[in-house]
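See below for the structure under consideration.
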Amino acid sequence: MIFDFEVIKTFYGELAGKISVIRQTLGHPLTVSEKILYSHLYEKSGNKTFRRGIDYVDFAPDRVAMQDATAQMALLQFMMAGKDQTSVPASVHCDHLIMAKEGATADMKTAVYTNKEVYDFLSSVCNKYDIGFWKPGAGIIHQIILENYAFPGGMMIGTDSHTPNAGGLGMIAIGVGGADAVDVMTGMGWELKLPKLVGIKLTGKLNGWTSPKDIILKVAGLLTVSGGTGCVVEYFGDGAESISCTGKATICNMGAEIGATCSIFSFDDAMSRYLIATGRKEVSDLATANRDHLTSDPEVLAEPKKYYDTFIEINLSELEPYINGPFTPDLATPISQMKIAAKKNNWPEDVEVGLIGSCTNSSYEDISRAASVARDAMRLKLKTKSEFKITPGSEQIRFIAERDGFLDTFTKIGGEIFANACGPCIGQWDRKGAEKNLVNTVIHSFNRNFAKRTDGNPNTYAFVASPEVVTAIAISGKLTFNPLTDTLLNTDGKEVKFSEPAGMELPPRGFGNIDSGFQKPDKSGGKSEIKIAADSDRLQILEPFNEWDGKDFRGLPLLIKAKGKCTTDHISMAGFWLKYRGHLQNISNNYMIGAVNFFNEKTNLILNQNSGQYDTVPSVARAYKESGLGSVVIGEENFGEGSSREHAAMEPRYLNVKAVIVKSFARIHETNLKKQGVLTLTFSDKADYNKIQETDKIDIVDLNQMAPGKQVKVVLNHSDGKSETITANHSYNEAQIEWFKAGSALNLIRKLK
Ligand code: SF4
């Protein structure tokens, strides 16, 4: 079955016409990203040239994907929009909440029990709103997307940072926060600063131990963790065409580690082969018929430096395997240099655990190449020195890896198979002894290796390499082992050397028919019941926020005057609090607990003007709210920088914060606050920040005359009876002023329905 084939057919049916308009508008040869981005302009964006890296543009993506942790609040918000179904196809994937501990069967049982209420809720919402639901055990979001939903030339957003994985199938796929998903699901335009373009030309051909993973490991070393920020990275050239579709997906997936908006390859034969193998020949045929529109123009390929903002060339024939880390994915060491680097940096050489799989690297090609190394080890009579764990990316992959004997091979060399889920890739690994915080080394084929990411132990040195290199190193037990040149002593005491790994791009016996774990929506016409237990502390139905009553804000006590940096982490902390992502009342107990109070330089200790006592920020905000008062938050520069987490904007609204006035906002946080109906203002004179006193009561007046570009009057009523009037700027356009008046953007959508 091809999911949402009508949407795909319509897209290809209109593509040629759209590209012709784009050509006329832009007036220059086009890269593949430009073709895809401009063919997905939101209807109100108009046909014009936007400036890369400068202009904000509204787009209309083709679909939305959500993982179980981030889907909760996104769907709770979507439910408030009063729609019968999502405006574009969407899917939810239960992968992040499964803890890896004792192997697939036991871990799945535990996950289904512990997360039952979340899974039941997600499943019931998906049923009601016609959203594809992938049950726990079905697999990891990006692998499922690649196997089922991605199509060349399409555009999608996903509430997970590795959404760009689908670039391996020629899609512009971007990781976003829940608020963005709600925008697209409710039919609003989705805003993005038009990305700059990085062009990477691949020449030559991968050989021997080198794999697609090594390309992105090298690129991460070249561009560093921030080098791709605000950019789409486009790969092209003969070398690009020689890489399998799943190999391309690995490269795009890990493009998140260089901060790229997304990465992409042009449509080619490898993508066509993958589409056909995964049962989507019709999509392959349509893409093939539109091939010219799904690749960069010949002029771009002939003179890339002229068309890309940054240009890099890599010769795959000369590339050697890389090992990146520890603690950062951009510390790239060629495998031949690892002995020197490990010694110089005092990295622990003994490898405790090797882990392969995850959505990044568990394709048939990856698994078959790693299995060939494992088989070679058995032939050579080698004993595995490190622990070895395998996380299949999906039930589909697990099934064929088992059917074709790969899992058996891994088990024979001492491997343990985890559930088809994120597990150790996202710290959901209940690793025995990790709490002792001992210094140790692990190596994996995932993408991120920041401190604590794998097992929660800050002293775990995590390195990243391809699955075949991880397998060889796990067998050797040494980080410094180089399978290209080094020998090992086998159980007979003989020196032996690995053969080069060999694998297959696609399963010769096909992918087979399996129970994939997909739950078809019952389409009961909105009658399905949404399941949330009354006493749940993880989930809570959202109530629409009140409309603005049309009156000025008068006598609002200052809640907190935050000093210095105030990121979304200071505003709504992660860690422990993540379990309350679906419960606004509970997660609001972390509001601003990381922010520094200007008046005492302490965190989470502010004056309650009513009682005269000092208390935590959430307690004081609640006390004001309960006594019918709103409040005001003051901040400094780039307020709300960091993630696009919508909780940081929902919590103040829930706690009745009426306005946030700062020296400057991080743009996404400002928009998120506006969407929730919190008034966002900036000091027209930044020095006015100094005028705010701890016991101020604040008026914000003439709000019924609010208009784009018109300043707002703010009166500071000090406790000594004096008052000062200052002016504040705002960046609301007409439509956003309507959000404020309606009480939130979702209230407005519901009203207009
Ligand atoms: S496997 Fe890792 S990279 Fe993939 S979605 Fe899960 S946590 Fe993210």
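Please read these numbers as outputs of a predicted model, since none were measured by experiment. Counting from 1, the numbers follow the sequence of the chain as shown. Remember, it's 1-based here, ligands and their atoms both numbered in the order they're listed.
- Contact atoms of ligand 1 toward Ile140: 1 (S), 4 (Fe), 5 (S), 6 (Fe) (distance under 4.0 Å to a heavy atom of the residue).
- Taking the six-membered ring wherever Trp is involved, the centroid distance between the rings of Phe327 and Phe450 does not fall below 6.0 Å.
- Checked against the 6.0 Å centroid criterion, the rings of Phe133 and Phe518 do not qualify as a close aromatic pair.
- Contact analysis leaves Asp95 out of contact with ligand 1, as no non-hydrogen atom separation drops below 4.0 angstrom.
- When non-hydrogen atoms are compared, ligand 1 lies under 4.0 Å from the side chain of His96 (C-beta onward) but not from its backbone.
- The part of Arg453 lying near ligand 1 is the side chain, judged by heavy-atom distances below 4.0 Å.
- Here the side chain of Thr384 pairs no donor or acceptor atom with the backbone of Ser386 at under 3.5 angstrom.
- For atom 6 (Fe) of ligand 1, the nearest protein heavy atom (residue, atom name, distance) is Cys422 SG, 2.3 Å.
- The only option from Arg280, Lys248, Glu505 that meets the side chain to side chain contact (heavy atoms under 4.5 Å, CB included) definition with Tyr274 turns out to be Arg280.
- The closest heavy-atom contact to atom 7 (S) of ligand 1, among the options Ile426, Ile98, Thr360, comes from Ile426.
- Of all the atoms in ligand 1, the ones that sit under 4.0 Å from a non-hydrogen atom of Ser358 are 1 (S).
- Contact annotation for Asn253 and ligand 1: no heavy atom of the residue comes within less than 4.0 Å of the ligand.
- In summary, Cys359 places no N/O/S atom under 2.8 Å from atom 2 (Fe) of ligand 1, failing the contact criterion.
- For Arg448, the closest heavy-atom approach to ligand 1 does not fall below 4.0 Å.
- For Phe399 and Phe511, the gap between ring centers reaches or exceeds 6.0 Å.
- Of the inter-residue distances, the one linking Leu331 atom CG with Thr333 atom OG1 reads 5.0 Å to the nearest 0.5 angstrom.
- Close contacts between ligand 1 and Asn447 involve ligand atoms 3 (S) [criterion: under 4.0 Å to a heavy atom].
- No cation-pi contact links Lys218 to Tyr322, judged by a cut-off of 6.0 Å to the six-membered ring centre and 45° from its axis.
- In this structure, Ile587 places its CD1 atom where more than 12 heavy-atom neighbours from other residues, nucleotides or ligands lie under 6.0 Å away.
- The ligand atoms of ligand 1 that sit less than 4.0 angstrom from a heavy atom of Cys425 are 1 (S), 2 (Fe), 3 (S), 7 (S).
- Atoms of ligand 1 lying under 4.0 Å from any heavy atom of His162, numbered from 1 in the order shown and given with element: 3 (S), 8 (Fe).
- Put simply, the residue from Arg431, Lys101, Lys432, Lys389 that forms a salt bridge (Lys or Arg N to Asp or Glu O under 4.0 Å) with Glu416 is Lys389.
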